[in-house]
Amino acid sequence: MRTSLFPLNTVKETPSEAEIISHQLMIRAGLIRKLASGLYTWLPLGLRVLRKVERIVRSEMEKAGGLEVLMPGLQPAELWQETGRWEQYGAELARLKDRHDRDFCLGPTHEEIITDLARHEIKSYKQLPITYFQIQTKFRDEIRPRFGVMRSREFIMKDAYSFHLTEESLHNTYEIMYATYTAIFTHFGLKFRAVIADSGSIGGAVSHEFHVLADSGEDAIAFSTQSSYAANVEKAEALMPKQSRPAATQTMTLIDTPNQHSIDEVCEFLSISATQCVKTLIVKGAEEGELVALLLRGDHELNEIKVEKIASIAVPLQFASDDEIQRACGCKAGSIGALGLTISIIADRSVSVMADFVCGANQDGKHYQGVNWERDLPLPTHIADLRTVVEGDESPDGEGTLTIARGIEVGHIFQLGTKYSEAMKAGVINEGGKNQIMIMGCYGIGISRVVAAAIEQNHDSKGIIWSPNLAPFQVAICPMNMHKSERLREATENLYQELLNAGIEVLFDDRKVRAGFMFSDMDLIGIPHLLVMGDKGLDSGTVEYKARTANESEDIAMTDILEFIKAKLR
RNA sequence: CGGAGCGUGGCGCAGCUUGGUAGCGCACUUGUCUGGGGGACAAGGGGUCGUAGGUUCAAAUCCUAUCGUUCCGACCA
């Protein structure tokens, strides 16, 4: 392709609306343009990348035995009413009426549609298992679309659905999909992690999320340094510390801590570390009017998801008001402590092994120092995992310690069970001649989000750095002042044709622009390999080669250039 | 849904407080020079100032409404 026929639409200025790097670069590099909030047009360059993502996904899904279908984006309300999601889904489901006043929605996902298809098309257990997939536009009326195509209202997704007679069959396909996803993300050339999405409530639905690792990712992921364990930070279990509680060495003393409320302030004031403090949070209990005290180590963070799973705590989690704290503890929020509380107490596991700690005294402006369990107050009977894991915690599977990285969720695989097939009566005739409800799995990949995530993970100050399999073009040819040298034009045209004939995706910059302008454009749009042609090179029979990620270029003999590039692309 | 900000050539913005000739940078067109990391100079084209009302001799500027958009929060996972 020639730039004279393929406008690059790059821009120098960073658009003010783009908050994250990938969004900025996608606009600057001319991949997308915004039409309205959460709606984007893919320009030719961006579409090439999008298609590459699709191609890899499609090819691997087919290898895994998936059958491609294409379902409508516009969906009748009746199917959604059958599963109850017409009511449940909320405003995110874009609803509309047709000219006959019938209800429809723009599909945010296709469980209902595929289940309807399956109940009509699959009659016998002999046709199972079967996996359908499609690559198609989804619509979710996000309250607040942001970050460009990262969270847009309209986006492209690969969604797949499998149907089974038995749980074993579902597990088998789930394993195949896990392997397929691993292959897909490996082909993308991205650093990724499969993350346990539901922390193994036994017998419950198994689910994995696939995250592309990037510092700017929205989700924090905890993964083991030694095993394949990986989980969303909020869901990773914080184990009971292995080391037992040290013996008490200090006597308990009441000390004045005027106007020291937060853990940071108290630590600063007393010159101690936050790990020596116990913070006490008062939340509402499940019973009306009841309060519960939660004890955490000063440097740890309360994990709302975990706390809400405790039966005696109100859902959703609510903190006590200042008045309620005053009544229950006799002090303001900054001075609460475990000593002498009459309300029930739940201690985090790590709190239970603390000794000589500092906590509030339930008197304004006072704390206790040198507090010890069982000597100064009884160890709470209710000890639970209340906190979010931190870097260095033991891995929940017992192997290694946890490292924390940030990730962007780009895929999920999920064992659905019979939620939809039951509601929609999607059954087959089994071996015994009886009707049996099918078991389902579903598997999604955010195609458009992958493009943004790839940029988020791989870029530098000059622009995008595409991995080889996602790059819109493999090679860029930039001739220097071609308009002034007929022999250079000839040589460049010849090289261009040679590369094209070899099946290489090459972008020939035949614009009459200055060298720096070309280089900046090619760096911005992230072409992996750059060939620079000039009269000087012609004299010495060489072409300059520079990788996108390299700082220096090298001269390659003109006669070797095709083989050289082919080797680079292998 | 609550709060806040912003709508001025294609893009990014100034002008608005204190009403009186529509401005800048980038991009675009033409020419000359330049020619290896987003060049210089010159000339040029392009704007009913989001929309609708109102106040005024006069509104981009003040007032009201409305639409769009962005950010924060809530909601949703």
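Residue numbering restarts at 1 for every chain, and letters A, B, ... go by the order of the sequence lines.
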Heavy-atom nearest nucleotide on RNA chain B for A/Val11 versus A/Pro145: which residue maps closer to 5'? A/Val11
Nearest-nucleotide 5' precedence on RNA chain B, A/Ala36 against A/Thr14: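 In this pair, the answer is A/Thr14.
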Please state how far atom [atom1] in [X] lies from atom [atom2] in [N], giving the value in whole angstrom units.
X	N	atom1	atom2	value
A/Phe517	B/U34	CZ	P	21 Å
A/Asp521	B/C26	CG	P	17 Å
A/Ile143	B/A77	CD1	P	11 Å
A/Arg33	B/G10	CZ	P	15 Å
A/Leu524	B/G37	CG	P	18 Å

Within the structure, does a side-chain N or O atom of [X] lie under 4.0 Å from either OP1 or OP2 of [N]?
X	N	result
A/Arg28	B/G12	no
A/Arg514	B/G35	no
A/Arg144	B/C72	yes
A/Thr10	B/G38	no

Ring pair (Phe, Tyr, Trp, His ring centres under 6.0 Å) test vs A/Trp80 passes for just one of A/Tyr420, A/Tyr89, A/Trp86, A/Phe104, namely A/Tyr89
Reference residue A/Tyr181; test ring pair (Phe, Tyr, Trp, His ring centres under 6.0 Å); the match among A/Tyr174, A/Phe210, A/Phe188: A/Phe210
Check every strand shown and say whether [X] touches a base, only sugar-phosphate, or nothing at a heavy-atom separation below 4.0 Å.
X	result
A/Lys34	sugar-phosphate
A/Val513	nothing
A/His412	nothing
A/Glu142	nothing

With both distances under 3.5 Å as the test, what is the Watson-Crick or G-U wobble partner of [N]?
N	value
B/G12	B/C24
B/U56	none
B/G2	B/C72
B/G31	B/C41
B/G7	B/C67
B/U61	none
B/G46	none

Using the side chain to side chain contact (heavy atoms under 4.5 Å, CB included) rule, take A/Arg487 and A/Asp535 through it: C-alpha gap first, then chi angles, then the decisive distance, then the call. CA-CA 8 Å; A/Arg487 63 168 189 148; A/Asp535 277 309; 3.3 Å; yes
Expressed in whole Å, how much space separates the P atoms belonging to B/G54 and B/G45? 35 Å
For nucleotides B/U55 and B/U69, find the distance between their C1' atoms and express it as a whole number of Å.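 Rounded to whole Å, the distance is 28 Å.
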Go through the N and O atoms of the side chain of A/Asn481 and the base of B/G36, and report whether any donor-acceptor pair is under 3.5 Å.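 Absent.
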Between B/G37 and A/Lys462, counting only base atoms on the nucleotide and side-chain atoms on the residue, is there a donor-acceptor pair under 3.5 Å?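 Answer no: no donor N or O sits under 3.5 Å from an acceptor.
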Under the criterion side chain to side chain contact (heavy atoms under 4.5 Å, CB included), I'd like the reasoning laid out for A/Met61 against A/Thr180: C-alpha separation, chi angles, the key distance, then a yes or no. CA-CA 7 Å; A/Met61 287 303 293; A/Thr180 298; 4.2 Å; yes
State which residue, out of A/Glu456, A/Gln457, A/Arg449, fulfils the side chain to side chain donor-acceptor pair (under 3.5 Å) condition with A/Ser22. A/Glu456
Please walk me through it: do A/Glu112 and A/Thr83 pass side-chain hydrogen bond (donor to acceptor under 3.5 Å, both in side chains)? CA-CA 7 Å; A/Glu112 278 80 1; A/Thr83 60; 2.6 Å; yes
